[in-house]
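Shown next, in structure tokens, is the structure this report addresses.
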Amino acid sequence: MYEQMVTARHYEERLVDEYLVGKQPAFDISAGPIPGELHLAAGHEASGAGVCMHLRDDDTVTAPHRPHHIAIAKGVDLKRMTAEIFGRKTGLCRGKGGHMHLFDPDVNFACSGIIAQGCPPAVGAAMAAKKRNTDAVAVAFLGEGAIDQGGFLESLNLAAVHDLPVVFVVEDNDWAISMPKDRVTDVQNGAQRAAGFDLPGVRIDSDDATAVYEAAGEAVMRARDGNGPTLIEVQVHRRMGHFMGDAEAYRPEADIDRAKQRDSIERLAEDLRSHGVTDDELDEIRERAHERVEEAISWAKEQPEPAPEEAYENVFTNPPAQAATDGGSATDAPDDAGETGGDN
Ligand SMILES: Cc1ncc(C[n+]2csc(CCOP(=O)(O)OP(=O)(O)O)c2C)c(N)n1
Ligand SMILES: [Mg+2]
């Protein structure tokens, strides 16, 4: 768990460096080697690591727009994930998804920028596992800002009524962009919502990776044993802005300071030391994690960019008439591209 967590933290620290290249002095979100939004999960690591330690490659995970710590803990290929974030051709989605739309069928991982979107597909994966008589499970991660979404509540119901092997993990970082949790719900303990579906609900009040590991272990075992779904809410912390470039003018300084003081990684390191793990051993883990991250980033930066005409490959759209007649993806275009293209 410690290794997954330090990998995720270091990975994001390095992404910050790479992301800022070319974007300053006036912040230009479209410039630099990582164009577009970047939502970092520093402060969320305990939830990804504590849950995914119990998962196998054939288990499914869906994650939200803040996915890196979960993807890393699920075993998503770090090189191809990084190439995706850099928009490269060898990325997981050929550079078309970016950091919010990572998809790795080798380990059954997907994420989406649409909040709570991952809940129905996780229920679908769990239903498939059940129908195939396997003991695979599915886990849907979402933020506390997404728990009033219909997709989440309907998923809880469907999972409960069919006793599906799925675990819902709410990462409560107290904020949904600039909206504090207490302004959108009177239910401060999100795990209580499970009772409305007659499901077990557990809230972990601190981002203690060991506590997450224990709660998730029970939930995953319950799912694998055919005893149905569980809802877990984990208190995590958003150490950074909602996305890179967020000045956080809405957020009290004290709240930012509090988030930075509680470091789940340092906390786990202390636990490990108290159980006899030496500083040298922890250093070794950190070094290994850092090397892996550097290797993934260097590899990704050397990868080719996709050719412009590849924009119309592997997507559910036809090329505009112009692109079809100019060549480019014309050979891949459906016969009626000229008639239907242009306003897709
Ligand atoms: C269906 C939908 N509505 C609105 C948005 C815009 N949006 C992006 S992130 C976000 C807040 C998410 O907060 P939370 O779920 O708590 O996750 P966090 O960012 O705190 O990790 C919103 C409203 C969206 N992506 N999808
Ligand atoms: Mg949140």
Side chains of [X] and [Y] only: does a donor on one sit below 3.5 Å from an acceptor on the other?
X    : Y    : value
E12  : H44  : no
Q235 : R203 : yes
R193 : T185 : yes

D17 atom CG, neighbour heavy-atom count above 12 within 6.0 Å:
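More than 12 within 6.0 Å, yes.
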Flag yes if V107 and V166 sit in one hydrophobic cluster, no otherwise; membership is Ile, Leu, Val, Met, Phe, Trp, Tyr, and two members link when side-chain heavy atoms are under 4.5 Å apart.
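Hydrophobic grouping puts V107 apart from V166.
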With a 4.5 Å cut-off on side-chain heavy-atom distances among I, L, V, M, F, W and Y, is there a chain of contacts connecting I34 to V16?
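Yes, I34 connects to V16 through the hydrophobic network.
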Check ion pair [X]-[Y] (N to O, under 4.0 angstrom):
X    : Y    : result
K301 : E18  : yes
D255 : R258 : yes
D172 : K181 : yes
D59  : R224 : yes
K79  : E302 : no
D263 : R9   : yes
R238 : D174 : no

Is the H290 ring parallel, tilted or perpendicular to the H10 ring (thresholds 30°, 60°)?
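Ring orientation, 0 to 90° scale: parallel.
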For the residue pair Y19 and F27, does the interplanar ring angle fall in the parallel (under 30°), tilted (30 to 60°) or perpendicular (over 60°) class?
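If you compare the ring of Y19 with that of F27, the planes turn out tilted.
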With ILVMFWY side chains joined below 4.5 Å, transitively, what does I265's cluster contain besides itself?
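Hydrophobic cluster check, I265: joined to M1, Y2, M5, V6, M53, Y213, L268, L272, V277, L282, I285.
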Selection residues 185-210 - residue pairs positive for ring pair (Phe, Tyr, Trp, His ring centres under 6.0 Å), sequence neighbours left out
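Residue pairs with at least one partner in residues 185-210: there are none.
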Can you name the residues that form a side chain to side chain contact (heavy atoms under 4.5 Å, CB included) with S178, not counting sequence neighbours?
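In terms of side chain to side chain contact (heavy atoms under 4.5 Å, CB included), with neighbours along the sequence ignored, S178 is linked to Y250.
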